[in-house]
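So the structure is just underneath, and the comments pick up after that.
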Protein chains: 2
Amino acid sequence: MARAATTTDAFNAVAEPRRREILDALAGGELAVGDLVELLGLAQPQVSKHLRVLREVGLVDVRDDGRRRLYRVNGAPLQAVHDWVARYERLWNERFDLVDDVLGELEDAADEAGTGQGD
Amino acid sequence: MARAATTTDAFNAVAEPRRREILDALAGGELAVGDLVELLGLAQPQVSKHLRVLREVGLVDVRDDGRRRLYRVNGAPLQAVHDWVARYERLWNERFDLVDDVLGELEDAADEAGTGQGD
DNA sequence: TTGACGCATGCCGATATGGGTATATGTTTG
DNA sequence: CAAACATATACCCATATCGGCATGCGTCAA
């Protein structure tokens with residue numbers, strides 16, 4: 001019991017800056033490992049490792065091309081992240097006064113416990 | 001040089017499931033540590049530690065209330081996450097045809113010269 | 001003041017992470 | 001066939017994480 005494996009979900013995979021860079025690079029389209037190595041200035045093994053993590057969580061797909069492997073982004077797993085974060089969007093997008101309102105919705109969605117505990 | 005400190009940014013802070021749970025709980029409004037302990041069924045020290053991480057990245061604010069400490073969500077740091085993830089929204093929200101198109105071009109280019117884009 | 005309560009911190013242990021270097025595997029070329 | 005190239009793995013190391021337990025510190029109550 002140390003920590004939640006980083007290869008568990010998109011949240012963890014994306015927590016790594018390098019991995020985000022890789023995804024950003026791949027956002028332009030398929031790229032081979034070597035291309036990423038050049039683009040990001042990382043060592044080849046490191047890139048391969050990060051790509052592996054991204055694969056484990058399904059954030060990238062691979063395609064064999066001769067002796068190269070072309071990686072491509074698959075944003076699907078990011079939907080979960082987006083979905084979760086979106087719930088807090090109002091907290092920075094609108095006035096804080098509305099927070100209470102949103103909270104009401106969230107609570108309502110969660111369950112009807114609705115006992116004025118907070119406050 | 002092990003890993004990017006988890007207390008670095010919202011991405012890392014939110015990568016922890018427990019921390020997300022805490023934020024979700026706090027979404028209902030201010031809560032004291034003890035409340036979170038009960039709600040999440042975690043040990044008090046663990047909750048305090050997670051709260052600390054969340055504080056480090058500014059995801060929660062604290063308020064002293066007697067011998068209790070009331071925590072409250074501050075979604076601002078999540079904007080960066082939302083912002084980054086949003087860039088990939090179309091990858092799951094829309095058709096992949098556009099992407100395929102781009103990929104086709106890249107493949108073609110790669111097949112000929114090998115690259116030269118990026119940067 | 002003493003004691004109970006609420007929370008933060010310190011310390012320990014197990015684990016997994018990320019980088020570095022060397023090397024194995026697979027592919028294309030000569 | 002061998003040699004060169006592209007990528008994946010293995011192994012080692014330093015580090016930071018997370019959980020569990022004990023304890024310190026501040027606050028309220030009697």
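Numbered from 1 within each chain, the chains take letters A, B, ... in sequence-line order.
Of the candidates D:dC18, D:dT9, C:dG20, the closest approach to any side-chain atom of A:Gln46 belongs to C:dG20. The listed nucleotides are D:dT9, C:dG18, C:dT9; the one nearest the side chain of A:Glu16 is C:dG18. Picking from C:dG19, C:dC7, D:dC18 the nucleotide with the shortest atom distance to the side chain of B:Val33 gives C:dC7. Here the side chain of B:Pro45 is nearest to one of C:dG20, C:dG6, D:dA22, namely D:dA22.
The backbone N or O of B:Leu51 lies less than 3.5 Å from no partner atom in the side chain of B:Arg19, so there is not a single donor-acceptor pair. Remark: side-chain polar atoms of A:Asp9 are paired, donor with acceptor, to backbone N or O of A:Asn12 under 3.5 angstrom.
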| said: Let's go through B:Asp61 and B:Arg55 carefully: what are the C-alpha distance in whole Å and the side-chain angles of both, what is the deciding distance for salt bridge (charged side-chain N to carboxylate O under 4.0 Å, His left out) to 0.1 Å, and is it a yes or a no? | reply: CA-CA 6 Å; B:Asp61 289 323; B:Arg55 265 194 72 178; over 6 Å; no

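Rounded to whole Å, the distance from CG on B:Asp64 to C1' on D:dT27 is 10 Å. Across the protein-nucleic acid pair, A:Leu36 atom CG and D:dA8 atom C1' stand 14 Å apart, rounded to whole Å. To the nearest angstrom, P of C:dT17 lies 18 Å from CZ of A:Phe11. Atom pair B:Glu38:CD and C:dC7:P shows a separation of 10 Å (rounding to whole Å applied).
Side chains of B:Asp35 and B:Tyr71: a donor-acceptor N/O pair is absent below 3.5 angstrom, by distance only.
Under the side-chain contact (heavy atoms from CB on, under 4.5 Å) test applied with B:Leu78, the options B:Val73, B:Asp83, B:Leu59 reduce to a single match, B:Leu59.
For D:dA8, the OP1/OP2 oxygens have a side-chain nitrogen or oxygen of A:Arg69 closer than 4.0 Å. Applying the 4.0 Å criterion to OP1 and OP2 of D:dA29, one finds that B:Arg67 has every side-chain N and O outside that range. OP1 or OP2 of D:dA8 sits under 4.0 Å from a side-chain N or O of A:Tyr71. Taking only side-chain nitrogens and oxygens, B:Arg68 never comes nearer than 4.0 Å to OP1 or OP2 of D:dG26. OP1 or OP2 of D:dC18 has not a single side-chain nitrogen or oxygen of B:Arg18 nearer than 4.0 Å. At C:dT17, none of the side-chain N or O atoms of A:His50 fall inside 4.0 Å of OP1 or OP2 (strictly under the cut-off).
A donor and an acceptor atom never sit less than 3.5 Å apart when one is taken from the side chain of A:Gln44 and the other from the base of D:dA6.
Each of B:Leu70 and A:Lys49 was assigned the nucleotide of DNA chain C with the nearest heavy atom; the assignment lying further toward the 5' end belongs to B:Leu70.
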